[in-house]
A.B. asks: 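The structure follows.
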Protein chains: 2
Amino acid sequence: MLTYGGDMTATDPGSGRRRTGDETRAAILTAARERFAADGYERATIRSIAADAGIDPAMVMRYYGNKEKLFAAAAEFDLRLPDFSALPRDQLGSKLVEHFLTRWEDDDTLMALLRAGVTNEAAAERLRQLFAGQLGPAIGKLTGGGPDTAIRAGLVATQTLGLALCRYVLAVGPIAEMPRATVIAWLGPTVQRYLTDPDPT
Amino acid sequence: MLTYGGDMTATDPGSGRRRTGDETRAAILTAARERFAADGYERATIRSIAADAGIDPAMVMRYYGNKEKLFAAAAEFDLRLPDFSALPRDQLGSKLVEHFLTRWEDDDTLMALLRAGVTNEAAAERLRQLFAGQLGPAIGKLTGGGPDTAIRAGLVATQTLGLALCRYVLAVGPIAEMPRATVIAWLGPTVQRYLTDPDPT
DNA sequence: ACCATAGGTCAACACCTGTTGACCTCCAAG
DNA sequence: CTTGGAGGTCAACAGGTGTTGACCTATGGT
């Protein structure tokens, strides 16, 4: 009998079969991502995550050791950046903004990283690594990899994270309701400038 | 005797005088802003705030009722926007970015609002009100107050909050270390465009 | 038929949280 | 000198947290 009756979003096995360890691990990870994304690091409790996964809190500890390690596992994320060099140079900004919007909307992980990263150092470090370790190199490839690459990646971060913050986290009315195409039309040129314009100083 | 020996940042009265109620209220408010700014809403505890103020946690309740009301009091904030209409139209963006940087650096309140707003609805609402109720009207004054005013305010929010997030909260290396002037040079034109360019769609 | 084992539950721990109410203590006004 | 109130402390509450270890139970291989 299940006594932890939160919203049961766990994937139960098809027949009356018992759950595999890997299935449980996956169910926990999904539930963890959702809770961390919705509540942030401290308000997402092991108990609520376990309830969502349809198991006992002790199972979470069995599989992931502790809350910190659970978050580390749940916050694994790949930006899946497309190959920029195959794109027309003047569309880089728009395509990047579009890609970010998509990536944000079909995966809870970024939301979890942002909600947690504001008060949790490990999450903040992950977020930094996303831009320094994934976006940075991609930008370097098309600008020649100069020393300003990290700066450009950082600038793109300010605009894209700011967008996500206003649109998905704070739900600032006009930004949250803005159609995708309008967002891209407004922010595309900004990101384009950060990527390709010469240093203004 | 003081048994709550955290870092005592409280303003003690000059002589051996006893503290006034108002002095204590102020000490609590200052400590609260610092803690909320440093730790976010849930990790900033009444106990730690009281310790910083050099008093018993019960005093915090006496003066502010509960944690929620304490935050509401600590999160009171005025952007103190300058009179834009007195500025050259093409410097609006730069001046606004500069003003935000200053406002952010000499007052903990914005940091508290951002750190808390990500997981606390009341704080999020405050943040929305900042842009809708203070920045919005200021923009309306110089663009004629059209229906796109709220949208422009929102766009400015995405860039400025994104900057604050990366520079002050996440401490993204290249952004945190960037000199003020460089930040203004890069972001000024972006904000300028959001303020004065025609809708690109 | 047996039983090791993977999957899972349960009850408790030590600690921390916001919050409360009883109590103490100084000091100025009557 | 008394007294009353403002400023402050203390101990406890009820509930929630991460985490632990003992225990149960189905099931597939021998």
Side-chain angles (χ1 to χ4, degrees), chain A residues 1-6 8 10-13 15-29 31-32 35-36 39-74 116 119-120 122, chain B residues 1-6 8 10-13 15-29 31-32 35-36 39-74 116 119-120 122:
Chain A
M1 176 192 151
L2 290 174
T3 46
Y4 301 88
M8 229 285 225
T11 50
D12 66 48
S15 62
R17 216 181 80 245
R18 223 176 162 201
R19 274 206 284 207
T20 292
D22 287 348
E23 284 169 344
T24 301
R25 284 184 77 96
I28 293 172
L29 218 57
R35 283 286 176 176
F36 283 129
D39 299 338
Y41 186 81
E42 23 272 335
R43 290 189 24 199
T45 67
I46 300 277
R47 282 171 166 86
S48 69
I49 290 167
D52 285 359
I55 46 145
D56 190 278
M59 283 268 93
V60 178
M61 309 308 289
R62 202 200 250 333
Y63 286 120
Y64 291 96
N66 60 33
K67 188 177 182 179
E68 207 179 323
K69 288 185 202 160
L70 172 62
F71 180 82
T119 48
N120 182 277
Chain B
M1 175 191 151
L2 290 173
T3 46
Y4 302 86
M8 229 284 225
T11 50
D12 65 50
S15 62
R17 218 182 78 245
R18 226 176 161 200
R19 274 205 286 208
T20 292
D22 286 349
E23 284 171 343
T24 302
R25 284 185 76 97
I28 294 171
L29 218 55
R35 282 286 176 177
F36 283 130
D39 299 339
Y41 187 79
E42 24 271 335
R43 290 190 22 200
T45 66
I46 300 277
R47 281 172 167 86
S48 69
I49 291 167
D52 285 359
I55 45 146
D56 190 278
M59 284 267 94
V60 178
M61 310 307 289
R62 202 201 252 334
Y63 286 119
Y64 291 96
N66 59 33
K67 188 177 183 180
E68 205 179 324
K69 288 184 202 159
L70 172 62
F71 180 82
T119 48
N120 181 277

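Every chain is numbered from 1, with letters handed out A, B, ... down the list of sequences. Remember, it's a predicted structure, so these values are computed and weren't measured experimentally.
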A.B. asks: Output yes when at least one side-chain N/O atom of A/T20 is less than 4.0 Å from OP1 or OP2 of C/dG7, else no.
C.D. replies: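 A/T20 to C/dG7 OP1/OP2: no side-chain N or O under 4.0 Å.
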A.B. asks: Whole Å only: how far is the NZ atom of A/K67 from the P atom of D/dT17?
C.D. replies: 9 Å
A.B. asks: For A/I55 and C/dG8, give me the distance from atom CD1 to atom C1', rounded to whole Å.
C.D. replies: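 One finds 9 Å between C1' of C/dG8 and CD1 of A/I55, rounded.
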A.B. asks: Under the 3.5 Å rule, do the base of D/dG18 and the side chain of A/R47 count as making a donor-acceptor pair?
C.D. replies: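 Result: at least one qualifying N/O pair found.
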A.B. asks: Please report the distance, rounded to the nearest Å, between CE in B/M61 and C1' in D/dA12.
C.D. replies: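 Spelled out: CE on B/M61 to C1' on D/dA12 is 15 Å.
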A.B. asks: Just the rounded figure in Å: distance from C1' of D/dA6 to CD of B/E23.
C.D. replies: 13 Å
A.B. asks: Counting side-chain heavy atoms from C-beta on, which of C/dT20, C/dG7, D/dG7 comes nearest to A/Y63?
C.D. replies: C/dG7
A.B. asks: Rounding to an integer number of Å, can you tell me how far B/Y41 OH sits from C/dT17 P?
C.D. replies: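 After rounding, the gap between these two atoms is 14 Å.
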A.B. asks: Check whether B/T45 reaches the backbone of B/S48 with its side chain - one donor and one acceptor, N or O, closer than 3.5 Å.
C.D. replies: yes
A.B. asks: Check whether NZ of the Lys or CZ of the Arg B/K69 lies under 6.0 Å from the centre of the six-membered ring of B/Y63 and within 45 degrees of that ring's axis.
C.D. replies: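 The answer is no; the distance or angle limit is not met.
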A.B. asks: Can you work out whether B/E68 or A/A58 has the more 5'-proximal nearest nucleotide on DNA chain C?
C.D. replies: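 Residue closer to the 5' terminus by nearest nucleotide: A/A58.
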A.B. asks: How many whole angstroms separate atom CD of B/E42 from atom P of C/dT17?
C.D. replies: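 Between P of C/dT17 and CD of B/E42: 13 Å.
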A.B. asks: B/M59 versus B/Y64: any side-chain heavy-atom pair under 4.5 Å?
C.D. replies: no
A.B. asks: Quick one: is A/T45 getting a side-chain N or O under 4.0 Å of the D/dG16 phosphate, OP1 or OP2?
C.D. replies: no
A.B. asks: Toward the 5' end of DNA chain C, which comes first, B/R62 or B/I46, by nearest nucleotide?
C.D. replies: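 Between the two, 5'-proximity favours B/I46.
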A.B. asks: Over how many whole Å does the gap from A/M59 atom CE to C/dG7 atom C1' extend?
C.D. replies: 6 Å
A.B. asks: Contact between B/I55 and B/V60 at the side-chain level, heavy atoms closer than 4.5 Å - yes or no?
C.D. replies: yes
A.B. asks: What's the CZ-P distance between B/R43 and C/dC15, to the nearest Å?
C.D. replies: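 After rounding, the gap between these two atoms is 20 Å.
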A.B. asks: Looking only at side-chain atoms of B/D56, point me to the closest of D/dG8, D/dT9, D/dT19.
C.D. replies: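 Of D/dG8, D/dT9, D/dT19, D/dT9 is nearest to the side chain of B/D56.
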A.B. asks: Would you mind reporting whether A/I49 and A/F36 have side-chain heavy atoms less than 4.5 Å apart?
C.D. replies: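 Sidechains of A/I49 and A/F36: in contact.
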A.B. asks: Taking the side chain of B/P57 as its heavy atoms from C-beta onward, which of D/dG18, C/dT19, C/dG8 lies nearest to it?
C.D. replies: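 Of the options given, the side chain of B/P57 lies nearest C/dT19.
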